[in-house]
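Each remark here refers to the structure printed beneath this line.
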Amino acid sequence: MPEQDLIAELRWRGLIHQVTDEPALAKQLASGPQTVYIGFDPTATSLHVGSMMQLMMLRRFQQFGHRPIALVGGATGMIGDPSGKSEERNLLTAEQLQENIAGVREQISRFLSFDGDNAAILLNNFDWMKDFSYLDFLRDVGKNFPVGAMMGKESVRARLGSEAGLSYTEFSYMLLQAYDFVHLCKEYDCQIQAGGSDQWGNVTAGIDLTRRMLGRQVFGITAPLLTTSDGRKMGKTESGAVWLDRDRTSPYAFYQYWINVNDEDVMRCIAYLTEIPRDEYDSLAESTQSDPGRRVAQKRLAEWMTQFVHGDEGLNAALSASKILFGGEIERMDDQALVEIFADVPSQELSRDLLSGEGFWIVEAFQQAGLAKSGGEARRAIKDGGAYVNNQRVSDMDQRLTESDLASESVMVLRKGKRNYALLRFTGR
RNA sequence: GGGGGUUUGCCCGAGUGGUUAAAGGGGGCGGACUGUAAAUCCGCUGGCUACGCCUACAUUGGUUCGAAUCCAAUAGCCCCCA
């Protein structure tokens, strides 16, 4: 692919929020392969969909022949970036940080190519920060930071104006990140730092520092944040963030998240997060416009994302689970298949004896399954017509469950409302 | 330190002696509609061995046949004077 198209590619996808000296950067990009870096905070053992933007950004650079550096913030993670945070962060423990770094590294490595002329590089800034003494750092780096300029940064101003305040530690964060850029520029000839728009302050701090310390012009480019049309951050559900790690967010839940994206947001997600090309994008946009009910764009987005993050088998699992959970009869299935499909659903093990004799009272069953906090709540669900056993509505308050109500050898599928499922497994004797 | 006010169910907020498990709104949960959406509409929203019983209106103790409603003390919050 011709290098000069990168900017155009990023632009039509809406991925350029701010750039420093765009004409010079365009020239630089056109002059040959460049090295670009993005930092990732090891705040958890997994990245979430918010970080996908950054990951994809590196991929896009790589696809256009540039060399990406993914920097895991082992050192900066010890401090905590105040950008966009309204309160002082708790410091992570050393062990926690180690685990996080390992998890994040593993994930990043899955999405970049480590072969060829422009093989990606994975670094940890702890490696060059660990031997930097406090005194040396103050003399070499700190000296180049006018406090006035630091005070002007949005991330600092926001916090100083609030009750939460800002510790010296977090105040110093930007020096560390800025120095990363200097280091990468010196050691890897890295001249571009990318990131989310909340990183603008840190990025420009790095650019200034590089100019002062190395006398070199380097560039910054930030992408917009992934937000919904009403301004909220995307990638959050009631139960928390949407993670890339299948143990935290199953392929099914991941798929469902994207399927449910609003019409107003879906095209932006496709542009920002996928590599679906322009012409298909246009036809999806057209379809969303003319026939929103079919949700062609949502399906494509969910499919692409799930496939990309969880592979073919992840996507297949998500698709088959979705099919059953949103309609299908549940009958004559086997334990194995049921448990797989309902992998996300809470389950309870109960004694099989409950099913013999009189049977197991439906109200009690819903309580045990965790679908109702009290008997009253369970009764209400039944009265309101919102209680289902194996996807069939229950109307009789006094119903007793027996072996004939099992959906498979030992499992019963209870549901309250549209989507609240729970499994009861009747085992033992 | 003195004076006044306030305290209600998940939240806000009516209610000043008896059909009050407590108006109304929000939220939540169901249902209908729908596109596994949004909007809209409807129902439910203390517990239980459930047409009955129990526990609830800051806490404790009183008055009364009967109190969330009256009295007293205690605690929290708010305001005014010093």
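Numbers restart at 1 for each chain; the letters A, B, ... are given by sequence-line order, proteins then strands.
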From [options], pick the nucleotide closest to the side chain of [X]?
X	options	answer
A:S322	B:U36, B:G35, B:G31	B:U36
A:P292	B:U36, B:G35, B:G30	B:G35
A:D384	B:G30, B:U36, B:G47	B:G30
A:N260	B:G31, B:U36, B:G43	B:U36
A:R379	B:G35, B:U36, B:U49	B:U49
A:R419	B:G31, B:G35, B:U36	B:U36
A:I259	B:G30, B:U36, B:G35	B:U36
A:Y388	B:G31, B:C29, B:A37	B:G31

Check this for me: does any side-chain nitrogen of one of [X] and [Y] sit under 4.0 Å from a carboxylate oxygen of the other?
X	Y	result
A:R60	A:E275	no
A:E22	A:R11	yes
A:E154	A:R157	yes
A:E313	A:R246	yes
A:E403	A:R352	yes

Assign [X] to base, sugar-phosphate, or nothing according to its heavy-atom contacts below 4.0 angstrom with the strands shown.
X	answer
A:Q298	base
A:G376	base
A:R415	nothing

Rounded off to whole Å, could you give me the [atom1]-to-[atom2] distance for the [X] and [N] pair?
X	N	atom1	atom2	answer
A:E377	B:C48	CD	P	10 Å
A:R393	B:G31	CZ	P	7 Å
A:K418	B:G28	NZ	P	16 Å
A:D263	B:U34	CG	P	17 Å
A:K373	B:G46	NZ	P	12 Å

Is A:R415 close enough and on-axis enough to A:Y388, meaning under 6.0 Å and within 45°, for cation-pi?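 Verdict for A:Y388: a cation-pi partner in A:R415.
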Is there a Watson-Crick or G-U wobble partner for [N] with both distances under 3.5 Å, and if so, which one is it?
N	value
B:A23	none
B:U36	none
B:A56	none
B:C77	B:G5

Would the base of B:U36 count as contacting A:Q256 through its side chain, where contact means a donor and an acceptor less than 3.5 Å apart?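 Yes.
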Given B:G47, is OP1 or OP2 found less than 4.0 Å from the side-chain N or O atoms of A:R380?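 True: A:R380 side-chain N/O within range (under 4.0 Å) of B:G47 OP1/OP2.
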